[in-house]
Amino acid sequence: MNPTDLSEKHYNTIFISGMDHYEGQDQHGLFQIFKFVKSKVDYSCAYLCTLDSLAGPHYDDVYNIAHLGESDPSLRQATEHYPLGLQLNPSTRHPDNYLNWFSPLKNKEGDLKTQEEYNSFLLNRIKFIAESLPRHNNIIIGDRKDIDPVFLNFIIKYHDSNVIYISMVHNNWTGGCSYPSNWSCENYKTSCKKECPWYLNNLEFTDDWLQRSEEERQRVLTKAEKLRVQEINNFELFLERHKNRVSLNVGSTDSYNEAESSALFKNIKKHLIPLKNIWPSKINFSALLKNKASIKTEYLKTVAATRKKLGYPHTKFESIILWSAVECSMERKGFKYFAETVNIIKDTLLSKEQFDKIGFVVCGFDSQKVVEEYFPTGFNNIITHEALGSKSYKRVLTASDIYCCTTLSDSGPRVIGEALAAAVPVVSFDKCISADVVNDKNGKLINTGDSHQMAKAIVKIINLAPDEYISYSKNALQSYNEFYDDSKIASAWKNALKQ
């Protein structure tokens, strides 16, 4: 993966990422999109990693550029983080780091003593990396905060590149937050240079912070906020200068509408292309249906055996309702609405005997924590899985009768597509990608926040006659096959790459 004479190579399209791991554990899946584009759209593709901790299998045309130029003492990397000049700011939210990122740092050759020396070092580093990249026509970026617009200016200068952003998250068109609706904030529609609720609520402080004087803390916060605004100014100038070279790919109508109303991207060309970070391609319903029953039976046996060891009373579940998230405690995943839904089903819609036949599965990091928080008295039929690998999660998903989604803001979520691909009916709030793929024939689209209607929809699907449920299940898979159709997505990508 270490590049050798990388500048001598030529590709039509390069992907560049400063965040996600490509070995399959990433939540954003930019590498999955690279694999799709390379195999279905444009074989002349490369993927450039700016992480120093990548592991996993080797792939053709994947390069680690984290140490480009380190053999030259005058360009040696000054930190162990991302390559200088690629990322806009560090991943940590401690305000000191916003300052340190733009301040003189030490390297192995000694101190860079002045801001001027540091700026010169940084500029030379950026130029060197830009010149060292493979020749290319298009550069694709999944998160604008990974790649500094100054760096992109040099890439365009040396390679005459077109720049395509993908809405893996929504911070391409905000002042830093991934999902502005989390904060009930619409500053992105006018200017994120105003006071930012995301920034103020997400600062992280070390133990020494409280030991500083109020004056010192205020000085750091003020300067850090100026740097946040400066970054937005830089990006505005970049978009204005290169607006005919820049485009944005969004994965859902919900994301498209939000980007269209944003101050940064409202005048930038956009393409609605489903995020093809879900595999496989078209699935045969008959083959899938044949496997579902046996997988559900085996899963329920495993659940029964585990619960017996833990001392739970014996219960024979007949239906499985799945709710999942990478991090269950994230507010934008809306677990509180799922908890409300379960309680409404229990208290008003089903008898105790009926309710006890339903297993409610919560899957993801902090699953046990959120269950204990929202169900303090406990339920015998709540099942938790802290973090499952893709194969184990697919097994649980395939065994489920309904997938329940309460996500409030997301560029996907990917789990909706995964549920449909497993022929599992989906009951979801009408946000994100759900508005594009969920309907009355494959589940139910619910007004966001309406837990009562969500509870009623779940009970209705549970009580469907077998042939009616099979129809819902078949329609779920059909919706997946249509929305994530390889040929349609490949065609859309070809158009995007022609800009």
If you measure only the distance, is there a donor-acceptor pair under 3.5 Å linking the side chains of Tyr165 and Ser247? no
Would you mind listing every ring-ring contact (aromatic ring centres under 6.0 Å, His included) that reaches into residues 396-453, with sequence neighbours excluded? Tyr337-Phe429
Just to verify, what does Tyr469 make a ring-ring contact (aromatic ring centres under 6.0 Å, His included) with, not counting sequence neighbours? none
Set of side-chain contact (heavy atoms from CB on, under 4.5 Å) partners for Ala399, sequence neighbours left out: Ile295, Lys296, Tyr299
Sequence-distant partners of Phe355, ring-ring contact (aromatic ring centres under 6.0 Å, His included), two or more places apart: Phe360, Phe379
Scan residues 168-190 for pairs that pass salt bridge (Lys or Arg N to Asp or Glu O under 4.0 Å), counting only residues two or more places apart or in two chains. Glu186-Lys189
For residues Gln354 and Ser351, is any side-chain donor paired with an opposing acceptor at under 3.5 Å? yes
Flag the pair Glu418 and Arg414 as a salt bridge only when some basic side-chain nitrogen lies within less than 4.0 angstrom of an acidic carboxylate oxygen. yes
Which atom pairs, donor and acceptor, lie under 3.5 Å between side-chain atoms of residues 432-439 and protein residues at least two apart or in another chain?
from   : atom 1 : to     : atom 2 : distance (Å)
Ser434 : OG     : Ser428 : OG     : 2.7
Asp436 : OD1    : Thr253 : OG1    : 2.6
Asp436 : OD2    : Thr253 : N      : 3.0
Asn439 : OD1    : Lys441 : N      : 2.8
Asn439 : OD1    : Asn442 : N      : 3.1

Please enumerate all residues that pass side-chain contact (heavy atoms from CB on, under 4.5 Å) together with Glu298, with sequence neighbours excluded. Lys301
Between Phe34 and Phe15, what is the ring plane arrangement, given parallel below 30°, perpendicular above 60°, and tilted in between? perpendicular
salt_bridge(Glu327, Lys333) N-O dist < 4.0 Å: no
Sequence neighbours excluded, the answer for side-chain contact (heavy atoms from CB on, under 4.5 Å) partners of Asp430 is Leu445, Asn447, Thr448
Only counting residues at least two apart or in another chain, list the ones meeting side-chain contact (heavy atoms from CB on, under 4.5 Å) with Gln478. Asn475, Glu482
Who are the salt bridge (charged side-chain N to carboxylate O under 4.0 Å, His left out) partners of Lys444, not counting sequence neighbours? Asp440
Sequence neighbours left out, what passes side chain to side chain donor-acceptor pair (under 3.5 Å) with Glu236? Give chain and number order. Lys193
Taking salt bridge (Lys or Arg N to Asp or Glu O under 4.0 Å) as the cut-off, I'd like each qualifying pair that reaches into residues 354-366, sequence neighbours left out, listed once. Glu318-Lys357, Lys352-Asp356
Polar contact flag, side-chain donor to acceptor under 3.5 angstrom, Asp254-Ser252: no
Side chains of Ser181 and Ser409: donor-acceptor distance under 3.5 Å anywhere? yes
Lys243/Glu240 salt bridge by N-O under 4.0 Å criterion: yes
